[in-house]
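What follows is a short report on a single structure.
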Amino acid sequence: MSSTFDDTKADGDGDLTDLLGELRVLLPASQLLSGFLIAVPFAPGFARLVGHEQHIFLATFVFSLISLVMLSGPAIQHRLIRPLRDRERFKVIAGRQMLAGAVTLAVALVLVTQLVLSAVMGDTLGNIAAAALGTLIALMWWGLPWWLRGRGHV
């Protein structure tokens, strides 16, 4: 049974070039978020974080770094194991890494939204904004593609 995101079709769908191009879209977001989070502890107000805020920051930072590693992995692996002996198998593995990286990036984006908006506008608005962003990500990144594919629209 193949996954919805299994790109092993013989018709050329899911070409490795496409996959690496898609990674080029996600990777800068992960890099930017990780860079921002690396700088945060050195900001003057960071010491004011208490209890749950510190835990949210730590979780955000860890998820951001995991996404950075997962999203950069396929490009680095592709370079190190060239020439590919089993291109189709590599695409499946790289596609799974990309999805894992997208999931961890989504979690990091939701957490950083909660952290920033809670600091600026209070916990209630931070939580509402984080939930709204999580819903939007779930709908746009997973719900819409599955719905369109299920309907035969793409």
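This is a predicted model, so every value here is computed, not measured.
Under the 4.5 Å side-chain contact rule for hydrophobic residues, Leu32 and Ile137 do not share a cluster. Residues Leu99 and Val69 do not share a hydrophobic cluster, defined by chaining ILVMFWY side chains whose heavy atoms lie under 4.5 Å apart. Side-chain heavy atoms closer than 4.5 Å link hydrophobic residues (I, L, V, M, F, W, Y) into clusters, and following such links, possibly through other members, connects Leu115 to Val40. A single hydrophobic cluster is seen to contain both Met140 and Met98, as judged by linkage of ILVMFWY side chains at heavy-atom distances under 4.5 Å, directly or through other members. Phe36 and Leu105 fall within the same hydrophobic cluster, where Ile, Leu, Val, Met, Phe, Trp and Tyr residues are linked whenever their side-chain heavy atoms come under 4.5 Å apart, directly or through other members.
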Could you list the donor-acceptor pairs under 3.5 angstrom formed between side-chain atoms of residues 128-135 and any protein atom two or more places apart in sequence or on another chain?
residue	atom	partner	partner atom	Å
Thr135	OG1	Ala131	O	2.9

Could you pull out all donor-acceptor pairs under 3.5 Å where a side-chain atom in residues 46-54 meets a protein atom, sequence neighbours excluded?
residue	atom	partner	partner atom	Å
Glu53	OE1	Val50	N	3.0
Gln54	NE2	Leu49	O	3.1

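Note that CG of Leu27 is 6.0 Å distant from CG of Leu68, once rounded to the nearest 0.5 Å. Interatomic distance, CG of Leu33 versus CD of Gln31, reported as 11.0 Å (0.5 Å rounding). The CG atom of Leu136 lies 10.5 Å from the CG atom of Leu109; values are rounded to the nearest 0.5 Å.
The side-chain hydrogen bond (donor to acceptor under 3.5 Å, both in side chains) search around Ser67 returns Ser30, not counting sequence neighbours. Shown here are the side chain to side chain contact (heavy atoms under 4.5 Å, CB included) partners of Arg85, two or more places apart in sequence or in another chain: there are none. For Val107, the side chain to side chain contact (heavy atoms under 4.5 Å, CB included) partners two or more places apart in sequence, or in a different chain, are Phe63, Leu111. Under the side chain to side chain contact (heavy atoms under 4.5 Å, CB included) criterion, Arg24 pairs with Leu20, sequence neighbours left out. When the side chain to side chain contact (heavy atoms under 4.5 Å, CB included) test is applied to Leu148, the partners found at least two apart in sequence or on another chain are Leu144, His153, Val154.
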As a quick check of understanding, evaluate side chain to side chain contact (heavy atoms under 4.5 Å, CB included) for Phe57 and Val112, giving each step before the final call.
CA-CA 7 Å; Phe57 173 80; Val112 79; over 6 Å; no
Start with the C-alpha distance between Val116 and Thr113, add both sets of side-chain angles, then the distance that settles side chain to side chain contact (heavy atoms under 4.5 Å, CB included), and finish with yes or no.
CA-CA 5 Å; Val116 170; Thr113 299; over 6 Å; no
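Side-chain contact between Gln97 and Ile93 is present, with at least one heavy-atom pair separated by less than 4.5 Å. For the pair Ser118/Leu125, no side-chain contact is recorded, criterion being any heavy-atom separation below 4.5 Å from C-beta on.
Judged as a ring-ring contact (aromatic ring centres under 6.0 Å, His included), the pairs with a partner in residues 89-136 (not counting sequence neighbours) are, in order, His78-Phe90. Residue pairs meeting the side-chain hydrogen bond (donor to acceptor under 3.5 Å, both in side chains) criterion with at least one member in residues 32-44, sequence neighbours excluded, are Ser34-Ser64. Residues in residues 98-110 take part in no side-chain hydrogen bond (donor to acceptor under 3.5 Å, both in side chains) pair, two or more places apart or across chains.
Closest approach of Ala94 and Leu19 over heavy atoms only: CB-CD2, 3.6 Å. Residues Ala102 and Leu71 come closest through the heavy atom pair N-CD2, 4.1 Å. Contact detail for Thr60 and Ile56: the closest heavy-atom pair is OG1-O, 2.6 Å.
Grouped by direct or indirect side-chain proximity (heavy atoms under 4.5 Å, Ile/Leu/Val/Met/Phe/Trp/Tyr only), Ile66 sits with Leu58, Val62, Met70. Under the 4.5 angstrom side-chain criterion for Ile, Leu, Val, Met, Phe, Trp and Tyr, Phe42 has no cluster partners at all.
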